[in-house]
Amino acid sequence: MGYSALMLVRDEFLQIQSGQELLTNRGRRETMETRFTRMLGIKYPIVQGGMQWVGLAELASAVSNAGGLGILTGLTQPTPEALVREIQRCRDMTDRPFAVNLTILPTIKPVPYEEYAQAIVEAGIKIVETAGRNPEPFLPLFKAADITVIHKCTSIRHSLKAERIGCDVVSVDGFECAGHPGEDDVTNMILLPLAARRLKIPFLASGGLGDGMGLAAALAMGADGINMGTRFMVTKEAPIHKKVKQAMVEASELDTALIYRSLRNTARVFKNNIAEQVLEIEDKPGATDFEDIRPLVQGIKGRELFEEGDLNRGIWSAGMVVGLIDDIPSCEDLIQRIVSEAQTIINERLQLMGSV
Ligand code: NAD
């Protein structure tokens, strides 16, 4: 890590350590400040990543109420009008900041992205997470509305591009992540220090995060916060069937699969029978025809899987972090646990090592 990044980490640690006035009467610090929390006015540097069919108002508001940043998933709503209604529902459940995710990736049905972007602006949203493709076409609209743009990137070159075109924050998505890790296969142990050396804007660590050790490590590697998707799926408030949550509690770090590699649209999903059937089709000699796998992977089946708890109805995104998930806490308990674990690591284990 470069000298300036190290100084930044040290400054953040000093701030955390000097915040004695922030101790609650239960001995826990009430906030964990970074450039990211200050920018958004949130208590903890913990973001719930945008997730198809999962990022509904119940989860986003629970995360925001617990002091993190909740995110509604734009395309989970069938129309821009429905998204506006979901934003209103979320506002009814929290008065804290929350964001909307807009993912631009291949889809079976064409998506009117501009209309979704317009709806986000007109609904008065002030934080947007973009993902999938270069968000440049949407930036003039978002910037004119004073929206903070967090762009999710799976490589340093895309992170630098995001910074150059005016994104405010980059969410650096390592190969461990759920959903689409890109095609470079670089893990966060490399991506995060590179981001610390090269980016000027705040960045989040995304992929493989699920506990306080991950948060402390991400901060040590220069990140200004963490983004968790899979970990938040396994919470009381996540609007998915209990059987899906339980399957992730029981899973190990070996229970994910990378599908669509042959289509250069790689996605990390839970390794169920359907994912294995997709892999078999992709393994056949010759180019993969998406039409051969479409009936297995269509998003609507994933939604039914989440609603009904039939684990082999379709596919669902899950990260390697399933190997670290052992319980189904509330978002409040999860965030408090992660923050206090990280603070203990920073203030005890790491401080001891740093003192002369
Ligand atoms: P969908 O029903 O349109 O498509 C199902 C899956 O097939 C998606 O993963 C999609 O990327 C893929 N796909 C569609 N057309 C394809 C093609 N021509 N070539 C290769 N792959 C193709 O998708 P959905 O489940 O309704 O999701 C809507 C959007 O959200 C999609 O773009 C999807 O990729 C994205 N998504 C992102 C994440 C994430 O982790 N960021 C997770 C789930 C879905």
Side-chain angles (χ1 to χ4, degrees), residues 46-55 71 103 105 131-132 152-156 171-195 203-221 223 225-235 238 240 243-261 265-276 278-279 282 297 302 305-306 311-312 314-329 334 337-338 341-342 345:
I46 298 181
V47 177
Q48 164 247 315
M51 292 174 278
Q52 184 67 327
W53 314 126
V54 187
I71 301 192
T103 295
L105 281 168
K152 197 170 243 194
C153 300
T154 57
S155 73
I156 292 303
S171 191
V172 176
D173 220 8
F175 184 53
E176 307 91 329
C177 73
H180 296 273
E183 309 301 326
D184 292 347
D185 305 356
V186 182
T187 64
N188 269 334
M189 288 299 280
I190 305 301
L191 277 181
L192 299 178
L194 279 177
F203 68 95
L204 304 173
S206 179
L209 281 313
D211 61 14
M213 281 193 256
L215 173 56
L219 294 173
M221 287 194 274
I226 59 171
N227 177 88
M228 307 193 302
T230 306
R231 179 60 270 203
F232 277 120
M233 286 174 80
V234 193
T235 56
I240 60 176
K243 282 190 186 163
V244 182
K245 298 178 191 178
Q246 192 55 35
M248 290 194 273
V249 166
E250 284 161 23
S252 85
E253 67 281 15
L254 303 178
D255 287 321
T256 70
L258 292 168
I259 60 170
Y260 314 143
R261 281 246 102 152
N265 182 32
T266 300
R268 188 182 295 284
V269 296
F270 195 86
K271 199 194 273 175
N272 63 2
N273 294 347
I274 304 297
E276 278 170 0
V278 173
L279 289 177
E282 288 193 77
V297 300
L305 182 155
F306 284 152
L311 301 180
N312 287 304
I315 50 158
W316 85 86
S317 295
M320 284 180 168
V321 76
V322 287
L324 295 177
I325 297 176
D326 299 324
D327 62 354
I328 309 176
L334 178 65
R337 182 168 79 200
I338 290 176
E341 263 176 28
I345 292 167

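Quick caveat: nothing in here was measured; it's all calculated off a predicted structure. When reading the values below, keep in mind they use all heavy atoms of this one structure, side chains included, and skip hydrogens, waters and symmetry mates.
- When side chains are defined from C-beta on, Ile345 counts as touching Met213, because their heavy atoms get closer than 4.5 Å.
- Residues Thr230 and Phe270 form no side-chain contact, since every pair of their non-hydrogen atoms from C-beta on lies 4.5 Å or further apart.
- Across every non-hydrogen atom of Tyr260 and Glu282, the tightest pair is N-OE2, 2.7 Å.
- To the nearest 0.5 Å, atoms CG (Leu258) and CG (Leu279) are separated by 8.0 Å.
- Side chains of Leu209 and Val321 form no contact here, defined as non-hydrogen atoms less than 4.5 Å apart.
- Summarising the geometry, atom CG belonging to Leu334 is positioned 11.5 Å from atom CD belonging to Gln48; distances are rounded to the nearest 0.5 Å.
- Ser206 pairs by the side chain to side chain donor-acceptor pair (under 3.5 Å) definition with Asp173, Asn227, not counting sequence neighbours.
- The two residues Val269 and Ala275 come nearest to each other via the heavy atoms CG2-CB, 3.8 Å.
- Inter-residue side-chain proximity for Leu215 and Glu341 is flagged as unmet; no heavy-atom pair is nearer than 4.5 Å.
- Scanning all heavy atoms of the two residues, the minimum distance from Thr154 to Leu191 falls at O-CD1, 3.9 Å.
- In this structure a side-chain-to-backbone donor-acceptor pair under 3.5 Å is present from Glu183 to Thr266.
- For the side chain to side chain donor-acceptor pair (under 3.5 Å) test, residues two or more places apart in sequence or in another chain that qualify with Asp184 are Arg157.
- Distance check, rounded to the nearest 0.5 Å: SG of Cys177 to CE of Met228 gives 14.5 Å.
- Counting all heavy atoms, side chain and backbone alike, Lys271 lies closest to Ala257 at CG-CB, 4.0 Å.
- When side chains are defined from C-beta on, Phe306 counts as touching Val54, because their heavy atoms get closer than 4.5 Å.
- One distance of note links CD1 of Ile190 with CG of Asp185; it measures 13.0 Å at 0.5 Å rounding.
- At least one side-chain heavy atom of Thr187 sits less than 4.5 Å from a side-chain heavy atom of Phe175.
- For the atom pair Met233 CE and Met248 CE, the distance stands at 3.5 Å (nearest 0.5 Å).
- The pair Asp327-Arg231 meets the salt-bridge criterion, with a side-chain N (NZ, NE, NH1 or NH2) lying under 4.0 Å from an Asp/Glu carboxylate O.
- Taken to the nearest 0.5 Å, the CG atom of Asn272 stands 5.0 Å off from the CG atom of Asn312.
- Nearest heavy atom pair, residue Pro181 against residue Gly174, reads CB-O, 4.5 Å.
- Sequence neighbours left out, not one pair with a member in residues 243-257 passes salt bridge (Lys or Arg N to Asp or Glu O under 4.0 Å).
- The shortest heavy-atom contact between Gly319 and Arg268 is CA-CD, 4.0 Å.
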